[in-house]
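Okay, structure first, notes after.
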Amino acid sequence: MSDKIVLLDGHSILNRAFYGVPDLSNAEGLHTNAVYGFLNILFKILDEEQPQYLAVAFDLHAPTFRHKMYDQYKGTRKPMPQELREQVPVIQEVLAAMDIEIVTKEGYEADDILGTLGRKCEAEGMEVTIVSGDRDLLQLATDHILIRIPKTVKRVTTIENYHTAEVLEKYSLLPKQIIDLKALMGDTADNIPGLPGVGEKTATKILLQYETLENAHAHFEEIKPNKAKEAMRDHYDLAELSKKLATIDTDAPVELDREKAALSNFYTSKAYEMFKRLEFKNLLGRFEETNAEPEDAVFLRTVTDFSEAEELFGTIAKEEKAGAALLTEETPKDGPMADRSRSLVGMAVAYGSGEPDVVYFPAEGFLTGDYLKEKLTELQKQIPVFCVMDGKEFLKDMPDADEAHLFDAGIAAYLLNPLKSQYSYDDIVKEYVHRYVPAVEEIFGGSKIPAAGKMTPEQQESYAGHQAYAVFAAQENMEKLLKEQGMWDLYRNVEIPLVFTLRQMEADGIAAEKEALSVYGAELAERIGELEAQIYEEAGEEFNINSPKQLGVILFEKLQLPGGKKTKTGYSTAADVLEKLAPDHKLVADILEYRQLAKLKSTYADGLQAVIGKDGRIHSTFNQTITATGRISSTDPNLQNIPVRMELGRLIRKAFVPKPGCVFLDADYSQIELRVLAHMSGDENLIEAYREAEDIHRMTASKVFHVPLEEVTPLQRRNAKAVNFGIVYGISSFGLGQDLGISRKEAEAYIQQYFETYPGIHEFLNRCVEDAKEKGYSVTMFGRRRPMPELKSSNFMQRSFGERVAMNAPIQGTAADIIKIAMIRVAKRLKEEQLKTRLLLQVHDELLLEVPEDELEKAEQILEEEMTGAAHLAVKLEIDMHTGNNWYEAK
DNA sequence: GTTATCACG
DNA sequence: ACGTACGTGATAACA
């Protein structure tokens with residue numbers, strides 16, 4: 001059997017894949033559809049062909065040399081869309097990670113490289129397969145060179161195969177005559193002009209008779225269709241040029257490096273990382289059987305001997321920097337946070353200069369969990385730079401950690417790119433150390449991390465060790481980048497202190513009365529039952545009201561209500577659709593009420609009861625690395641979306657109570673985002689409006705609608721308020737119209753008048769978009785960045801989204817910065833003044849404190865001072881503050 | 001696991 | 001012409 005080689009036309013396949021695969025992008029906003037499609041085609045070909053060699057050819061310049069000649073001639077080449085362009089380096093990176101040979105040559109196209117290598121390999125007795133989307137390549141087909149052309153029709157990829165015989169069969173021409181064919185008929189996709197008026201039919205007929213272009217020209221007077229004859233006579237220069245354009249150079253100065261092209265195991269750890277980052281989940285399966293060894297592994301070791309450990313701790317204590325990772329087991333794994341007990345299973349420490357030593361200490365024998373914790377706490381206080389992956393998690397086991405020494409790599413990575421959905425140690429190493437360590441999937445053979453106690457000793461060492469290595473190795477570069485990007489102050493003086501504040505909030509939790517929730521839930525259940533019966537009766541049948549699909553069928557098919565389709569899967573039954581129908585149909589009104597109550601019961605009445613711990617408190621988790629704008633989020637449960645707007649829902653807040661002897665103290669910023677906007681835009685009129693008026697929405701209405709302040713109607717005020725909100729969201733006339741239930745045109749007029757009233761805001765918003773377009777990211781007052789890849793999109797919708805985000809992110813982000821600062825300041829004051837008052841919750845513009853009755857006055861003063869003093873803006877920061885014996889009263 | 005809906009700022 | 005408000009998380013249904 002002779003050797004087989006597969007040669008791929010990189011750009012051409014990428015291009016095919018781009019247009020054949022629907023738009024995909026990963027969490028970073030990077031488009032990935034073409035890369036995904038490319039890899040699918042590659043794997044399919046390799047599975048089928050089982051070649052010994054593989055190489056991929058790329059043009060060096062996207063608009064290629066040969067085509068440029070014609071571009072100058074006619075200048076009609078469309079630029080490559082940005083979404084495709086950005087994927088070119090990605091596929092090259094992926095191929096490189098897979099150790100696949102990439103061949104390029106200055107001054108030559110991929111075609112020429114494929115042609116040359118193909119001929120050479122054939123001459124050496126190999127079987128050659130060339131894969132391209134470009135039919136030009138058919139000219140290369142022989143009995144030993146197979147041209148394969150993938151086509152995607154309706155999401156199914158099929159591949160056409162051509163040896164000489166197949167070319168003859170399909171085109172009635174020899175492969176080398178394909179050149180003449182193109183010369184005559186042209187190829188718009190490739191910008192080959194051909195002869196005017198000559199298509200495939202005529203061209204084939206001419207070539208069947210005369211074999212070549214030149215021979216045909218010599219006999220042009222005999223050519224049959226008159227049009228073709230004249231074209232041949234008058235435009236032969238075009239055909240000659242076309243032939244030149246269509247001819248593939250099979251004598252380019254390129255060589256195949258057999259060693260590099262030899263197909264080895266390309267399931268490398270680098271490739272695995274790339275696939276993971278690109279979120280090609282079903283391609284990851286290909287890696288499972290192969291066990292890729294990292295090429296330059298981090299050296300790890302496990303120490304179990306007590307005196308050796310003691311000695312090591314002594315050495316490490318003198319270090320300037322260390323990285324650490326804890327393996328902790330939580331039991332039981334579900335149920336309320338407070339009911340779980342934690343035990344240390346082991347810990348890893350990375351230290352040293354240059355290539356670090358990484359040591360894993362299992363908590364066993366004389367090295368007990370308590371001993372290790374004690375030692376690590378000491379180390380943490382001694383070592384100036386102490387790096388961990390997740391500081392807040394670390395504090396659960398090391399509550400006495402020193403803030404000044406802590407480097408939280410997860411938070412650093414979040415600030416450097418807040419768009420990622422996860423901050424994993426392996427990504428961090430890849431991104432900031434340019435090295436590869438095994439990810440959890442590789443260590444555990446699945447994306448799930450088993451309980452620490454269930455891991456094998458090897459897995460424990462690898463997981464904890466690589467994590468300790470990662471934070472240690474990445475720290476320097478991350479710190480440098482944070483400083484370069486002007487975020488070091490934000491990192492050091494806001495985010496890191498906040499880690500400690502949030503940890504305290506989580507640990508304290510908030511008391512909730514199970515009984516009250518249960519009673520509330522029972523009341524809801526009663527009314528839900530009534531509604532259910534009514535709905536079935538009105539609908540004439542029983543169905544699952546919670547199923548939008550079934551509900552849509554009942555409403556819009558069975559009962560023929562107007563409202564039609566809206567979502568891709570069927571009818572929309574969202575509240576705004578149903579509300580339009582509710583006044584005329586009792587059924588719809590009942591459904592809306594049912595929905596509301598069902599939500600309250602399942603999410604709040606039942607949901608909250610389930611997370612109350614044995615201590616009677618709810619310990620939510622506050623996430624600091626989730627949002628794109630810098631806000632924090634709350635999960636398990638989410639305490640930032642407890643009902644308040646509707647009275648019935650609001651009653652839930654009566655179940656949240658202070659502990660005995662305490663009261664709640666709640667304060668929220670008054671229109672913080674609008675005030676931030678006034679400050680950042682510097683708009684004199686808005687700033688002045690804030691100085692003059694109690695009620696900013698009324699004031700805005702007065703100015704926008706040119707009526708005296710006292711004569712502003714409630715409707716005018718409502719509209720002005722909506723515009724104020726809209727501005728903060730990155731206004732669009734459509735969105736505003738939707739919100740106010742008016743036409744796009746009317747909304748447009750409001751916006752216009754608003755901008756006339758506050759011209760500085762108009763300028764500011766434009767500047768936000770322009771700046772973000774230029775720099776690729778937006779910035780808050782405190783330096784927080786948000787990258788905005790969408791702004792470069794050629795897709796109108798995505799770009800518009802980017803523009804709105806560019807207007808919103810600096811405002812929402814700055815407000816988020818301010819309340820974070822306020823939280824730190826409040827926490828600091830409480831500590832300094834040794835109060836027992838505790839910060840319990842943050843709800844974006846609101847803080848809830850649990851205050852011993854005798855500290856109330858002091859706490860009020862602190863809260864007022866620290867919240868309003870958190871930032872100095874051109875307008876005052878004002879708060880509304882209340883006390884109460886539950887959250888309902890305090891709000 | 002994804003989709004639709006709805007709770008909050 | 002395109003088709004939207006910005007930022008989150010939990011639940012139930014459905015595949």
Side-chain angles (χ1 to χ4, degrees), chain A residues 281-282 418-419 447 543-552 566-578 591-592 594-608 610-611 620-623 626-646 648-650 652-653 668-669 671-674 677 722-723 725-740 744 747 751 768 778 786 790 793-813 815-816 819 841-846 891:
Chain A
K281 286 174 190 136
N282 46 4
L419 298 187
S447 61
F543 64 101
N544 189 342
I545 310 170
N546 288 319
S547 164
K549 198 177 158 194
Q550 294 180 37
L551 181 59
K566 224 180 126 186
T567 62
K568 40 193 147 184
T569 48
Y571 305 100
S572 169
T573 64
D576 59 337
V577 175
L578 299 192
I591 288 167
L592 281 169
Y594 172 92
R595 277 245 185 98
Q596 199 186 3
L597 302 194
K599 176 96 177 180
L600 291 174
K601 183 166 187 325
S602 68
T603 304
Y604 301 104
D606 299 348
L608 290 174
V611 291
S620 174
T621 301
F622 293 101
N623 309 107
I626 296 287
T627 71
T629 52
R631 281 186 173 181
I632 58 177
S633 86
S634 157
T635 47
D636 196 24
N638 182 354
L639 292 181
Q640 291 180 321
N641 71 346
I642 304 300
V644 68
R645 292 174 191 170
M646 306 282 285
L648 180 65
R650 192 175 194 147
I652 294 187
R653 295 178 173 230
D668 65 288
Y669 280 115
Q671 303 124 13
I672 185 165
E673 291 182 343
L674 206 52
L677 176 65
V723 182
F725 267 94
I727 293 287
V728 170
Y729 290 156
I731 194 98
S732 80
S733 50
F734 189 96
L736 180 66
Q738 188 90 27
D739 186 57
L740 286 177
R744 203 194 54 83
I751 296 169
C768 281
S778 67
R786 167 170 180 173
E790 307 93 342
S793 172
S794 62
N795 177 308
F796 173 86
M797 201 174 67
Q798 285 187 28
R799 196 174 54 249
S800 304
F801 173 72
E803 286 167 2
R804 291 196 295 273
V805 165
M807 297 187 242
N808 172 265
I811 303 169
Q812 188 181 121
I819 193 154
L841 300 180
Q842 186 254 45
V843 194
H844 309 308
D845 67 348
E846 170 190 1
K891 174 77 187 169

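Letters A, B, ... are given to chains in the order of the sequence lines, protein chains preceding strands, and every chain is numbered from 1. What you see below is based on every heavy atom in this structure, not just the backbone, and it leaves out hydrogens, waters and symmetry mates.
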Looking for any heavy atom pair under 4.0 Å, which part of the strands does [X] touch: base, sugar-phosphate only, or nothing?
X	answer
A:Thr627	sugar-phosphate
A:Asp845	sugar-phosphate
A:Phe725	nothing
A:Val728	nothing
A:Gln812	base
A:Asp636	sugar-phosphate
A:Arg799	nothing
A:Ile811	nothing
A:Ala747	nothing
A:Ala628	sugar-phosphate
A:Gln596	sugar-phosphate
A:Gly730	nothing
A:Asn638	sugar-phosphate
A:Ala575	sugar-phosphate

[X] to [Y] - nearest heavy-atom pair and separation:
X	Y	answer
A:His844	A:Ile632	CE1-O, 3.5 Å
A:Ala722	A:Leu740	CB-CD2, 3.5 Å
A:Gly649	A:Leu600	CA-CD2, 3.8 Å

If we take the [atom1] atom in both [N] and [M], what is their distance in whole Å?
N	M	atom1	result
B:dC8	C:dG3	P	31 Å
B:dT3	C:dT4	P	15 Å
B:dA7	C:dC2	P	32 Å

Give every donor-acceptor pair under 3.5 Å between a side-chain atom in residues 570-578 of chain A and any protein atom, sequence neighbours left out.
unit_1, atom_1, unit_2, atom_2, d
A:Tyr571, OH, A:Glu557, OE2, 2.9
A:Ser572, OG, A:Ala574, N, 3.3
A:Thr573, OG1, A:Arg595, NH2, 2.7

| Between B:dG9 and A:Arg645, is there an OP1 or OP2 to side-chain N/O distance shorter than 4.0 Å? |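 A:Arg645 to B:dG9 OP1/OP2: side-chain N or O found under 4.0 Å.
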
| request: Report yes if at least one side-chain N or O of A:Arg595 is closer than 4.0 Å to OP1 or OP2 of B:dC6; otherwise report no. | output: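 It does, given that an N or O in the side chain of A:Arg595 lies less than 4.0 Å from OP1 or OP2 of B:dC6.
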
Listed by chain and number, what are the side chain to side chain contact (heavy atoms under 4.5 Å, CB included) partners of [X], not counting sequence neighbours?
X	value
A:Ala806	A:Val769, A:Ala772, A:Met788, A:Leu791
A:Ser793	A:Glu83, A:Asn795, A:Gln798
A:Ser602	none
A:Tyr594	A:Ile528, A:Leu531, A:Glu532, A:Ile535, A:Ile545, A:Asn546, A:Ala598

| field | Residue pairs passing the salt bridge (charged side-chain N to carboxylate O under 4.0 Å, His left out) test where at least one lies in residues 803-813 of chain A, sequence neighbours excluded | value |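 For residues 803-813 of chain A, and leaving out neighbouring residues, the salt bridge (charged side-chain N to carboxylate O under 4.0 Å, His left out) pairs sorted by first residue read A:Lys773-A:Glu803.
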
Quick one: [X] [atom1] to [N] [atom2], roughly how many Å, whole number?
X	N	atom1	atom2	answer
A:Asp668	B:dC8	CG	P	14 Å
A:Tyr729	B:dG9	OH	P	10 Å
A:Ile632	B:dC8	CD1	P	18 Å
A:Leu648	B:dA7	CG	P	11 Å
A:Ile652	B:dA7	CD1	C1'	9 Å
A:Gln550	B:dA4	CD	P	16 Å

| field | From B:dC6, B:dG9, B:dC8, nucleotide with atom closest to A:Pro643 side chain | value |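 In terms of side-chain proximity for A:Pro643, the closest of B:dC6, B:dG9, B:dC8 is B:dC8.
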
| field | Along DNA chain C (nearest heavy atom to each residue), the more 5'-positioned of A:Phe796 and A:His844 | value |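 Closer to the 5' end of DNA chain C: A:Phe796.
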
| said: Checking A:Ser633 against A:Thr627: is there a side-chain donor and acceptor pair closer than 3.5 Å? | reply: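 Result is no, nothing qualifies.
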
| query | Between the side chains of A:Asn638 and A:Ser620, does any donor sit under 3.5 Å from an acceptor? | reply |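 Note: A:Asn638 and A:Ser620 side chains miss the donor-acceptor criterion.
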
Which residues share a salt bridge (charged side-chain N to carboxylate O under 4.0 Å, His left out) with [X], sequence neighbours left out:
X	value
A:Asp606	A:Lys601
A:Arg631	A:Glu673
A:Glu846	A:Lys891

| query | For DNA chain C, which nucleotides open and close the run of contacts to chain A, 5' to 3', at under 4.0 angstrom from a non-hydrogen atom? | reply |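 With heavy atoms of chain A under 4.0 Å away, the range is C:dC2 to C:dA15.
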
| field | Identified stems (criterion: three or more consecutive Watson-Crick or G-U pairs, under 3.5 Å), DNA chain C | value |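 Stems for DNA chain C, defined as runs of 3 or more consecutive pairs: B:1-9 with C:6-14.
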
| query | For residues 599-606 of chain A, which residues have at least one heavy atom under 4.0 Å from DNA chain C? | reply |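 Residues of residues 599-606 of chain A under 4.0 Å from DNA chain C: A:Lys599, A:Ser602, A:Thr603.
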
